[in-house]
Student: 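The following block contains the structure, expressed as C-alpha cells.
Worth saying up front: this structure is predicted, and the values here are computed from it rather than measured.
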Amino acid sequence: LKPAAHALFKKLKDEELELLVQAVESRGAWESGCVWAPRGAKQALPPQVLLCRLYRWPDLRQPHELKHLCYCAGGRGGCGDTAVLCCNPHHFSRLAAPETPPHPYSKASCGPSWPDEPQHPGTQLLEFSYNGGDWRGKRLCSPPPDTSLSRSTVKDGYWCKLAYWEHRTRVGRLYAVHEASVNVFCELPRGSGFCLGQLPAAHRSRAVRRARGKIGRGLLLSREPGGVWAYNRSEHPIFVSSPTLGPPGARGLTVLKVLPGYSAKVFDYERAGGTGGQWLPGEGPCDPHSVRISFAKGWGPCYSRQFITSCPCWLEVLLNQPR
C-alpha cells in the first residue's frame, strides 16, 4: 500500500494534505473537511479505498463496502467537479457487500426463550448489519408507556426526539432533533449534540457507571432519504432494535450488533408503513415508529439480559410518523 499511498499524496494539494493529517490524528473525533483527490483509471485501488485500508480497515477490498457519512460532501454530489472525489478515511463507515453471503458468525438464531412464555418466538441476534436496512420485523418494547414520550407532530419541526434510559429509569429530558443529523455522546472533542455525560442522576449503580464509561464518542444518527442511519463512533459495539430490522415475515425480534466504525440503516420509512402497535411479554406496548439502541451491552435470549430494560444505558429514538 505504501507506494500507492505515496503516489496519491503527491497528487494532493497542500490544503488537502493538511485536512488528511487532521482527520487521521483526531481519528474522526470531529468533523473534518473533505479531502479531494483526482479520479484515475490507472489506480489499482480507488483513493477512498486506499486510505481507508491504510488508516482504518486493512481488510477492505471494494468501494461498495463503504458508505459516505452524512456530513461528507462527496456523498451529496461532490464539490461540483466530477474529476475529483473525497478520500477522507473518516468520512466513511464500513458496510458489508450486499451480494456476498454473510459470514458464518453473522447471524445466530437462539430460538424461543422468553421466560415463562414458550409460545412467543425469541430474539434473533445479528452480529453485523448492512442487510438490516433491507429487512423488517418486530422490535423490543419499552417499559410501561410514558405519555411524554409520544412522537412529536410534524408541525413541531422535529424529525425525532431522544430519550436516555438507565435500566428502567429515564434520565434527563427529551432531546428534540431539528437538524438532519445529531451526535449522541459522553466525550466528543469539538462535538455538539446530545451529551449524555452532562445528565445527572442519583445513585447510579456500578454497572451503569461502567457502561457509561464505554459510550465515549457515542454514535451519529442521521435522517437520510428513505430512513434513519446510525454510525457507531465509539470503541465498543452498539445494539439496535426497530420494527424494520427483521427479515420479511419473520416472527420475533431482531437485535442488531453494530461494530465500531460501522453504519446500519436502523429504520426504513417505507417498510414501516402500516405497522401497528405491538406487545411483547415482559415489556408491554411499543411504538412502531421508534428505535432502541443499547450502548455496549446486548439483550435477548443469547444474553443474560432478556429485555432492553435490563441494559445499563440505552437510547430511545422516537420518530415522527413518516410522510
Student: Looking only at side chains, do W165 and E316 share a donor and an acceptor under 3.5 Å apart?
Tutor: yes
Student: What distance do F194 atom CZ and L221 atom CG have between them, rounded to the nearest 0.5 Å?
Tutor: 11.0 Å
Student: Using the rule that two of Ile, Leu, Val, Met, Phe, Trp, Tyr join whenever any of their side-chain heavy atoms come within less than 4.5 Å, decide whether V35 and V21 are in one cluster.
Tutor: no
Student: Return the minimal non-hydrogen interatomic distance between C87 and A37, and the atom names on each side.
Tutor: SG-CB, 3.7 Å
Student: Distance-only, no hydrogens or angles: does the W159 side chain make a donor-acceptor pair with backbone N or O of E179 under 3.5 Å?
Tutor: yes
Student: Would a 4.5 Å heavy-atom cut-off, applied to side chains only, mark Y175 and L315 as touching?
Tutor: no
Student: Is it true that a side-chain atom of S26 and a backbone atom of Q22 form a donor plus acceptor pair closer than 3.5 Å?
Tutor: yes
Student: Rounded at 0.5 Å granularity, tell me how far CD in E25 sits from CG in L20.
Tutor: 9.5 Å
Student: Can you check whether Y231 reaches L219 side chain to side chain, under 4.5 Å on heavy atoms?
Tutor: no
Student: Can you tell if the side chain of F92 reaches within under 4.5 Å of the side chain of H68, non-hydrogen atoms only?
Tutor: yes
Student: Assess the side chains of N183 and R233: does a donor N or O sit below 3.5 Å from an acceptor N or O?
Tutor: yes
Student: Side chain to side chain contact (heavy atoms under 4.5 Å, CB included) between R53 and L45: does it pass, once the steps are laid out?
Tutor: CA-CA 10 Å; R53 280 185 64 178; L45 288 174; 3.4 Å; yes
Student: For residues L69 and V182: do they belong to one hydrophobic cluster (side chain heavy atoms under 4.5 Å, members Ile, Leu, Val, Met, Phe, Trp, Tyr)?
Tutor: no
Student: State the CZ-OG distance between F185 and S192, to the nearest 0.5 angstrom.
Tutor: 6.5 Å
Student: Could you walk me through whether L174 and L162 pass the side chain to side chain contact (heavy atoms under 4.5 Å, CB included) check?
Tutor: CA-CA 6 Å; L174 293 179; L162 305 178; over 6 Å; no
Student: State, to 0.1 Å, how close S290 and L318 come at their nearest heavy-atom pair, and which atoms those are.
Tutor: CB-CD2, 4.1 Å
Student: Any chance you could lay out the side chain to side chain contact (heavy atoms under 4.5 Å, CB included) test for R27 and R56, step after step, and finish with the verdict?
Tutor: CA-CA 9 Å; R27 294 168 53 203; R56 300 193 69 184; over 6 Å; no
Student: Quick one, S241 and T254 - any side-chain contact, counting heavy atoms below 4.5 Å?
Tutor: no
Student: Checking side-chain polar atoms at under 3.5 Å, does N88 have a donor or acceptor matched by the opposite partner on S32?
Tutor: yes
Student: Would you say L17 ends up clustered with L51 if hydrophobic residues are merged whenever their side chains have heavy atoms under 4.5 Å apart, either directly or through other cluster members?
Tutor: yes
Student: Identify the two heavy atoms, one from Q306 and one from W299, that lie closest to each other, and give their separation to 0.1 Å.
Tutor: O-CD1, 3.7 Å
Student: Which distance, rounded to the nearest 0.5 Å, do you find between the CD of E224 and the OH of Y269?
Tutor: 10.5 Å
Student: K214: what forms a side chain to side chain contact (heavy atoms under 4.5 Å, CB included) with it, not counting sequence neighbours?
Tutor: H236, A296, K297
Student: Are L12 and V49 co-members of a hydrophobic cluster defined by side-chain heavy atoms under 4.5 Å apart?
Tutor: yes
Student: Flag the pair F295 / S234 as yes when at least one side-chain heavy-atom distance between them is below 4.5 Å, and no otherwise.
Tutor: no
Student: Could I get the full list of side chain to side chain contact (heavy atoms under 4.5 Å, CB included) partners for E166, not counting sequence neighbours?
Tutor: Y164, V171, A201, R204, V208, R212
Student: Linking I/L/V/M/F/W/Y whenever any side-chain heavy atoms sit under 4.5 Å apart, do L259 and V266 land together?
Tutor: yes
Student: Give, for atom CG of L60 and atom CG of L50, the distance between the pair rounded to the nearest 0.5 Å.
Tutor: 10.0 Å
Student: Output the distance between atom CG (L19) and atom SG (C86), rounded to the nearest 0.5 Å.
Tutor: 9.5 Å
Student: State, to 0.1 Å, how close C34 and C72 come at their nearest heavy-atom pair, and which atoms those are.
Tutor: SG-SG, 3.9 Å
Student: Which heavy atom of R170 sits nearest to which heavy atom of A163, and what is that distance?
Tutor: CD-CB, 3.9 Å
Student: Measure the shortest side-chain to side-chain distance between L256 and F239 over non-hydrogen atoms and say whether it is less than 4.5 angstrom.
Tutor: no
Student: Quick check: closest heavy atoms across W314 and H167, and the distance to 0.1 Å?
Tutor: NE1-O, 2.9 Å
Student: I want to check something: taking the side chain as every heavy atom from C-beta on, are P312 and R210 in contact at a cut-off of under 4.5 Å?
Tutor: no
Student: Using a 4.5 Å cut-off on heavy atoms from C-beta on, say whether the side chain of F267 contacts that of L319.
Tutor: yes
Student: Verify side chain to side chain contact (heavy atoms under 4.5 Å, CB included) between V240 and V291, making sure each step is shown before the conclusion.
Tutor: CA-CA 7 Å; V240 185; V291 179; 3.6 Å; yes
Student: Indicate yes or no: does E18 engage K13 in a salt bridge with an N to O separation below 4.0 Å.
Tutor: no
Student: With no hydrogens and no angle check, do the side chains of S93 and S263 hold a donor and an acceptor under 3.5 Å apart?
Tutor: yes
Student: Do E65 and R94 meet the salt-bridge criterion of a basic N to acidic O distance under 4.0 Å?
Tutor: yes
